[in-house]
Amino acid sequence: MWWMLVACAPFTGSLGRLPELDPQSGGQASVDDQTVHAYALAIRGLERSEQRAFSVGNAFFNDNWVSAPASTEGRDGLGPLFNARSCSSCHFKDGRAAPVPGQAGFLLRLRLSGEGVAQPDPIYGGQIQDFSIVPETEEAAVHIDVTDKVVTYPDGQQVTMHVPSYRLSDLRYGELHPETVMSPRVAPAVFGLGLLAAIPEATLTALEDVSDHNNDGISGRINRLADGQVGRFGWKADVPSLIAQTTGAFVHDMGITSTREPDHPHTEAQVALDELPHGGLPEVDDQKVDRIVGYLERIAVPYSRDVDGLEVRKGRRLFSRVGCDGCHIPELRTGVHAVSQLSEQRIQPYTDLLLHDMGADLADGFASHTANGQEWRTPPLWGLGLMPVVNGHTRLLHDGRAHSIEEAIVWHGGEAMQSREAFMALDAKERSQVLRFLESL
């Protein structure tokens with residue numbers, strides 16, 4: 001989000017002063033790499049046993065699962081409904097997916113609209129799964145229609161906005177409930193997650209300002225789950241931990257059960273699918289899950305680049321001046337962690353991990369725990385400039401609608417409207433400096 005600078009003295013070290021740009025944005029868990037592998041490298045200095053565990057976890061993350069029964073015991077049980085065959089097919093090279101229907105990394109979540117506890121669609125459940133191990137049983141085909149609109153800056157320069165709409169065809173089990181809303185999602189990058197998991201809950205609580213007591217226009221808040229856990233992962237901060245993220249993706253995206261998620265999310269319309277062969281109970285064991293979680297914890301953050309460059313430094317100051325870092329908090333600290341490179345680190349992820357109202361244009365009408373249909377978690381910005389190198393695109397926001405960093409900024413609304421307008425009021429050179437700063441991350 002892009003708004004007023006907040007007082008972050010406990011986290012940045014000095015009230016009202018910008019922290020120095022640090023190329024090691026992940027502290028000791030940073031890696032100096034600008035190649036196609038920049039998002040997928042291990043933290044430097046791991047013990048030999050940790051290095052082996054990282055390699056094993058990486059292999060499990062990349063392995064394709066197959067339908068049961070199969071000779072590849074331990075990797076069978078895919079489906080029967082699924083969106084992806086492996087973790088890495090969504091998070092290619094541990095990076096960010098693009099919104100391409102029928103391709104892993106893009107999906108539609110489903111919820112009934114209305115207040116109260118969010119309910120899945122009674123026929124299709126919580127998301128559309130567009131692949132199946134059995135012909136003609138996949139749930140539907142997803143389509144994206146895009147219209148363009150042009151936004152003009154005060155100085156006359158223009159930016160093209162891409163407005164998506166979503167529809168389904170070939171619905172196999174009947175029509176969606178009339179009150180079902182669809183929320184498109186692209187898979188985010190997975191590097192640096194161990195550092196984000198290590199940020200103390202007390203830090204996030206201190207950053208909350210639900211009633212905007214400091215009158216800066218920002219009212220970020222934690223998405224608290226029904227059991228009291230603090231959400232910090234996912235587009236709506238609705239996942240509390242890496243193990244919950246991993247096992248949730250296994251069952252919902254690949255149709256693979258675990259001890260934490262022992263049941264397939266089939267609805268009454270799909271009970272016949274429960275009779276198909278499975279890969280055991282559960283289909284992925286705790287050891288594999290732990291290896292993948294350990295892998296995710298230990299993926300390093302790529303260095304920022306050109307931090308001493310004049311244009312980058314000017315862009316950084318303008319980023320603050322227009323209020324962008326009131327929510328994209330420049331600097332945080334991790335707590336004590338068993339992995340030394342994650343423990344008590346000064347990091348620059350440019351996020352507060354909180355929910356913010358982003359306005360009607362980005363709303364999906366999709367409630368998740370305490371998050372409403374206009375609220376989204378602040379995404380980290382570290383590694384942003386390497387997306388074209390690693391993933392070959394610059395598709396941003398929760399559904400990948402933005403084709404560039406600039407377009408993503410102009411999509412901001414709600415609490416971010418003031419900062420969006422301040423960015424648009426800059427002259428062309430100043431806007432380019434802000435973008436240059438963001439590309440350096």
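In this chain, numbering begins with 1 at the start of the sequence shown. What you see is a predicted model, and the numbers here were worked out from it, not measured in a lab.
- Salt-bridge formation is not detected for the pair Asp364/Arg111: no Lys NZ or Arg NE/NH1/NH2 atom is positioned less than 4.0 Å from an Asp or Glu carboxylate oxygen.
- Among pairs with a residue in residues 255-287, those fulfilling ring pair (Phe, Tyr, Trp, His ring centres under 6.0 Å) read His264-His266, at least two apart in sequence or across chains.
- Considering all non-hydrogen atoms of both residues, Glu439 and Arg305 come closest at O-NH2, 2.8 Å.
- Every residue meeting the side chain to side chain donor-acceptor pair (under 3.5 Å) condition with Ser89, not counting sequence neighbours, appears here in chain and number order: Ser86.
- Glu375 and Lys236 are not joined by a salt bridge, as no carboxylate oxygen comes within less than 4.0 angstrom of a charged side-chain nitrogen.
- Contacts of Tyr166 classified as ring pair (Phe, Tyr, Trp, His ring centres under 6.0 Å), with partners at least two apart in sequence or in another chain: none.
- Remark: the Ser165 side chain and the Arg167 side chain contain no N/O donor-acceptor pair separated by less than 3.5 Å.
- For Arg85, the CZ atom counts as loosely surrounded, since its 6.0 Å shell holds 12 or fewer non-hydrogen atoms of other residues, nucleotides or ligands.
- Using cut-offs of 30° and 60° for the angle between ring planes, the Tyr350 and Phe437 rings count as perpendicular.
- The pair Asp399-Arg401 meets the salt-bridge criterion, with a side-chain N (NZ, NE, NH1 or NH2) lying under 4.0 Å from an Asp/Glu carboxylate O.
- Taking every heavy atom of both residues into account, Leu332 and Ile329 meet most closely at CD2-CG2, 3.9 Å.
- Listed here is the closest heavy atom pair of Gly95 and Asn391: CA-OD1, 3.2 Å.
- Within the structure, ring pair (Phe, Tyr, Trp, His ring centres under 6.0 Å) contacts touching residues 221-262 (residues at least two apart or in different chains) are Trp65-Phe250.
- The heavy-atom pair separating Leu78 from Met254 by the smallest distance is CD1-O, 3.4 Å.
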Could you list the donor-acceptor pairs under 3.5 angstrom formed by side chains in residues 42-54, with sequence neighbours left out?
residue, atom, partner, partner atom, Å
Glu50, OE1, Glu47, N, 3.2
Glu50, OE2, Arg298, NH2, 3.4
Gln51, NE2, Leu46, O, 3.0

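- In the model, Ser340 has no side-chain atom that pairs as donor or acceptor with a side-chain atom of Gln28 under 3.5 Å.
- The ring pair (Phe, Tyr, Trp, His ring centres under 6.0 Å) check on Phe106 picks up nothing, with sequence neighbours excluded.
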